[in-house]
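Not measured: the values here are computed from a predicted model. A note on names: the letters A, B, ... follow the listed sequences, proteins ahead of strands, and every chain is numbered from 1.
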Number of protein chains: 2
Amino acid sequence: MKIERAGDTGTIDRRVARTRALLQDAIIALIPERGYAAITVDDICRKANVGRSTFYTHYTDKDALRSATLEAHLRSLSREQLSKEERTGSRVFDFSLPMFEHAQAFRSLHHALLASSGDTIHDQMRQRIQRAVRAELSGKRVGEAGVPIEFAVQFIAGAFLAVLAWWLPSDMKLSPAHVDELFQKMAGQAIGARG
Amino acid sequence: MKIERAGDTGTIDRRVARTRALLQDAIIALIPERGYAAITVDDICRKANVGRSTFYTHYTDKDALRSATLEAHLRSLSREQLSKEERTGSRVFDFSLPMFEHAQAFRSLHHALLASSGDTIHDQMRQRIQRAVRAELSGKRVGEAGVPIEFAVQFIAGAFLAVLAWWLPSDMKLSPAHVDELFQKMAGQAIGARG
DNA sequence: ATCATACTGGACACAACGTCCGAAATCGAT
DNA sequence: ATCGATTTCGGACGTTGTGTCCAGTATGAT
């Protein structure tokens with residue numbers, strides 16, 4: 001599978017393509033090693049065998065490189081999806097399977113971009129929520145079984161955090177009780193609780 | 001409501017308590033202004049009217065301060081929860097309502113700690129997923145209604161990302177198809193789709 | 001072969017970090 | 001009120017990483 005890299009629009013000097021590919025590969029290789037936050041531009045350049053000044057002719061930032069790398073891969077993913085005919089069967093969401101498959105194929109990439117984001121805060125908060133969910137879920141048996149408890153924990157905790165983050169800056173048009181009601185409803189249905 | 005701050009164990013010199021409180025308040029006030037990543041230790045100290053060298057006698061890092069601040073608030077939250085008797089009614093999860101309420105009361109704190117995490121990657125990825133979910137959800141009408149579509153989008157997208165992030169580093173004992181099946185099941189139930 | 005373009009490597013100023021110290025201020029206890 | 005212990009202050013220091021610039025060299029396109 002050929003990965004298109006950021007900036008492939010139109011004809012491009014081979015040197016440019018080469019340099020960008022080297023840099024993108026380098027940052028992906030580096031992130032699992034020491035975590036994104038700890039990486040310096042110099043690290044990337046040494047790994048890629050590219051002059052540091054060259055880096056700045058392509059990307060303004062470490063962030064810019066990361067962003068471009070992610071974008072390129074997501075683009076190639078969408079393209080794959082479009083080429084396949086979508087066989088919507090009993091499934092509800094079509095986007096997820098291709099994503100899981102792509103994640104498996106480009107494991108190190110996804111791992112680099114998702115897991116070790118170096119975001120301590122989110123991790124701290126997330127662990128707290130996960131513990132709470134796990135505690136409540138271990139009592140009730142989950143759904144009609146077949147769903148590993150840890151999967152359900154991740155599912156619910158992730159949903160909760162997303163909802164919370166969405167609700168917070170929204171001027172709180174919904175009351176806490178109302179948001180909670182919505183969350184309870186969807187979460188309860190998700191784990192197959194009898195309402 | 002009195003917030004316990006990190007390090008309140010035992011008797012503490014007033015100066016220490018004062019300094020830590022000032023620093024914690026400062027970082028919370030600062031994060032919404034320019035985003036966590038852009039804040040420097042010097043910024044925090046100026047905002048708090050605390051000498052920069054003093055900062056380092058209490059926290060090793062900007063991260064350490066942030067972490068301690070979050071930890072202190074979460075502790076105070078758990079304490080509240082314990083003091084109230086838990087009236088488990090038809091609700092499935094007990095942790096969520098207190099969390100939503102706390103989030104409303106300490107809005108700026110939560111907003112500071114959750115929303116503007118400065119994590120460009122997650123945001124980029126998340127927006128992509130949200131778009132996909134929104135597209136698929138706008139077709140099918142959500143559940144038995146009553147649930148705003150955007151709420152459902154956040155819920156599902158958050159759950160998906162959490163599951164993906166959990167599955168990735170787990171050596172992939174589950175196949176993509178299997179993980180997807182689990183996800184489809186819970187997500188489908190969550191939006192009240194007939195299986 | 002020639003020209004345009006990209007890469008190099010080193011120098012530069014700058015910003016922020018984390019450490020250290022003596023002097024001043026503040027606390028807790030007598 | 002006094003005194004010893006502790007904390008805070010402010011400033012200086014070396015270090016690291018950033019982003020810019022330039023002149024010289026290498027490489028691709030035609």
Let me know, please, whether A:Ser53 or B:Val41 comes out on the 5' side of the other along DNA chain C by nearest nucleotide. A:Ser53

Which whole-number value in Å describes the distance from B:Tyr56 OH to D:dC9 P? 15 Å

Distance check needed: D:dG17 P versus A:Tyr59 OH, whole Å only. 22 Å

Does D:dT8 have its OP1 or OP2 closer than 4.0 Å to a side-chain nitrogen or oxygen of B:Thr19? yes

Tell me: CG of A:Asp13 to P of D:dA26, nearest whole Å? 17 Å

Hey, does the side chain of B:Lys62 reach the backbone of B:Tyr36 with a donor-acceptor pair shorter than 3.5 angstrom? yes

Does the D:dG11 base have a donor-acceptor partner in the side chain of B:Arg52 within less than 3.5 Å? no

Could you check how far CZ of A:Phe55 sits from C1' of D:dG19, rounded to whole Å? 11 Å

Measure CD1/B:Ile12 against P/D:dT6 and give the value in whole Å, please. 14 Å

Winner on side-chain proximity to B:Val16, out of D:dT8, C:dG18, C:dA16, is D:dT8

Ring-plane angle category for A:Tyr59 and A:Phe55, please: parallel below 30°, perpendicular beyond 60°, tilted otherwise. tilted

d(NE2, B:His58; C1', C:dT19) in whole Å: 16 Å

Separation of D:dG17 atom C1' from A:Ile44 atom CD1, nearest Å, is 12 Å

Polar side-chain contact A:Arg15-D:dT27 base: donor and acceptor under 3.5 Å: yes

With a 4.0 Å cut-off, would you call B:Arg131 and B:Glu136 a salt bridge? no

Assign A:Thr40 to base, sugar-phosphate, or nothing according to its heavy-atom contacts below 4.0 angstrom with the strands shown. sugar-phosphate

Identify whether any heavy atom of B:Asn49 sits under 4.0 Å from a base atom; if not, whether one sits that close to sugar-phosphate; answer base, sugar-phosphate or nothing. sugar-phosphate

Heavy-atom distance under 4.5 Å between the side chains of B:His110 and B:His73, does that happen here? no

Any base atoms under 4.0 Å from B:Arg14, or only sugar-phosphate, or nothing? Heavy atoms, all strands. sugar-phosphate

Rounded to the Å, how far apart are A:Asp42 CG and D:dT16 P? 12 Å

Report yes if the side chains of B:His102 and B:Met99 come closer than 4.5 Å at any heavy-atom pair, otherwise no. no

Which sits closer to the 5' end of DNA chain C, A:Arg18 or B:Ile39, going by the nucleotide each is nearest to? A:Arg18

